[in-house]
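Comments concern the structure below.
Protein chains get the first letters and strands the later ones, always in sequence-line order, with residue 1 at the start of each.
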Amino acid sequence: MRWPRRPRYLAWLESGVSALLFLCAFVTVLTTIGIVAVLGVQTVGFFRIARIGITDFLFGVVLKPDARPPLFGVVPIFWGTMIVAIGSSMIALPIGLLSAIYLSEYAPRKARAILKPTLELLAGVPTIVYGYFALMLVTPVLRALLEPLGLRVETFNALSACVVVGVMIIPLVSSLSEDVLSSVPRGLREAAYGLGATKFEVSTRVVLPAGLSGVLASFILAISRAVGETMAVVLAAGMRPQITLNPLTSIETMTTYIVQVIGGEASYGTAKYLSLFAVGLSLFAVTLVLNIISGLILRHFREAYQ
Amino acid sequence: MDRPAATVASGRLDPVVLATKALSVWYGSTLALREITIAIPRNKITALIGPSGCGKSTLLRCFNRMNDLIQGARMKGDVTFDGELISGEIDPVVLRRRIGMVFQKPNPFPKSIYNNVAWGARINGYRGDMDDLVERSLRRAALWDEVKNKLHHSGLDLSGGQQQRLCIARTLAVEPEVILMDEPCSALDPISTARVEDLMDDLKNDYTIVIVTHNMQQARRVSDMTACLMLDEAASDGHRTGILAEFSPTDLLFTNPKDPRTEAYITGRIG
């Protein structure tokens, strides 16, 4: 017989593989559920022990966990988080997107072969190094530039954090966007060139819209990363919870608050200790909202080419 | 080689619209086309046939400088359009508006049907009534009746044949003088193919059409002139180099080929 009978166990193996793959996928779901459950339970504990209402927490504008009575308003650190997220996005999104367009549409093959790995290397630098970079280089440069104009730059300041976090997330935007843009089918580019389009028109009016969903996804990922960034911000922006529009003073973000509480002498079970779970849950909510917004944006602007 | 007389519609214009003189094309160090000399007549359909890899598409893409987009492609020799040299230092962007192109695989933009047609006109700064231009172009491409009630649906929702006619409408909307078609029907079913062929026949009063096709019946059905390209047997270094075997009126080429290689190809003995 030329064709042997396929062994019976193959079918069993197939369902075994399928079950294994399901389990792997399920681990992530389980983890998410676990995190939310732990954060939720501890947050309930926090509100019980601290004897404050949810509105006092969500809308309180003073964060003084060591005052008597302690004040746990989350607004100042939410504000700080937003400053860093928005400031760094203003640097990273345009630069990242433009370098993605350059790499995918304009760069000669050789330039691309060097530039892309170099950009990706930026993503591999440990974030605490970026923190030092902010403290030792960015802030002194900002001082040299701004103090002659009569502006006081504090040692720890928000602007410096925005700059380093911005640089840190450029590769996320550029690398992911570049992948998306270069996977736009060549036929679309040729169609546009064939109609008499310039390279710029092809890039911005055909390739970018076709890859927009991926580009926006990279934006959201970068912003989420900026929201969650911790060590660089601790070193660059310090830990002063305040609501200010002046980027040259120290601020505190939600993540740096968590570092401060863990690194401090708050004992287990106290309101201050439990507050970090409430802040953690809020941070989780911020990221969730970002994801939902990105989903909505995508549904509106998507130009699917398949 | 006979040059057909200019038609009444083209008036005193030169009967030759596109011409090449000793045109050779390289991809890197590979010679793809050797010394092609051909004159494409105005307001006619010229078919380029020949076996795979003989450089039909390469020749077609010399006419609108599409090969510029391929790294390492270069050409030697002259290409003229309305007597003007287009193989030298010219701006291909300007040229490509005047010489439109329809591709093998229908490639509508992932935009609405309306915007697919309007896109090219818009980037070229068309100042007239856009709705009117879109309607005219779609009518000319024999697609209007099928899409007039869904102009704002995606062009990708159409069938393959409709997508190809949309691509033709998009090309017509920038009002080119020549339309290059690179195997426009190879991805279409026979009914859609027939519709596109009817359309080409209809368009040739106003446009010069150059079509690359693998389908000899199609070349016979639609074209006035046929150029048969061949692989150069002298080039035996493993690369395929195309040369022009014969360029004649279609009737003549298929019934009484002058070149033995053409005869072998059209009777199915090679290719």
To the nearest 0.5 Å, atom CZ of A/Arg205 lies from atom CG of B/Asn115 at 10.0 Å
Checking heavy-atom separations under 4.5 Å from chain A, one finds in residues 88-101 of chain B B/Val93, B/Arg96, B/Arg97, B/Ile99, B/Gly100, B/Met101
All heavy atoms of B/Met66 vs all of A/Gly194, minimum pair found to be CE-N, 3.7 Å
Any chance OH of A/Tyr106 has more than 12 other-residue heavy atoms, nucleotides or ligands included, within less than 6.0 Å? yes
To the nearest 0.5 Å, atom OH of A/Tyr193 lies from atom CG of B/Asp68 at 10.5 Å
Listed by number, the residues in residues 118-134 of chain B that come under 4.5 Å of chain A (heavy atom to heavy atom) are B/Trp119, B/Gly120, B/Arg122, B/Ile123, B/Asn124
When you look at CZ of B/Phe81, are more than 12 heavy atoms from neighbouring residues, nucleotides or ligands closer to it than 6.0 Å? yes
Q | Flag if over 12 foreign heavy atoms under 6.0 Å of NZ, B/Lys150 | A | yes
Contact list (residues 108-124 of chain A to chain B, heavy-atom gap under 4.5 Å, by number) returns A/Pro108, A/Arg109
A/Ala191 and B/Asn107 have their tightest heavy-atom pair at CB-ND2, 3.4 Å
Of B/Arg61, B/Gln104, B/Arg65, the largest count of non-hydrogen pairs under 4.5 angstrom with chain A goes to B/Arg61
Measure the shortest side-chain to side-chain distance between A/Leu188 and B/Pro108 over non-hydrogen atoms and say whether it is less than 4.5 angstrom. no
Check your understanding: Take atom OH in B/Tyr114; do more than 12 heavy atoms of anything else shown fall under 6.0 Å from it?
Key -> yes
Those residues of residues 168-188 of chain B that come under 4.5 Å of chain A on a heavy-atom basis, listed by number, are B/Arg170, B/Thr171, B/Val174
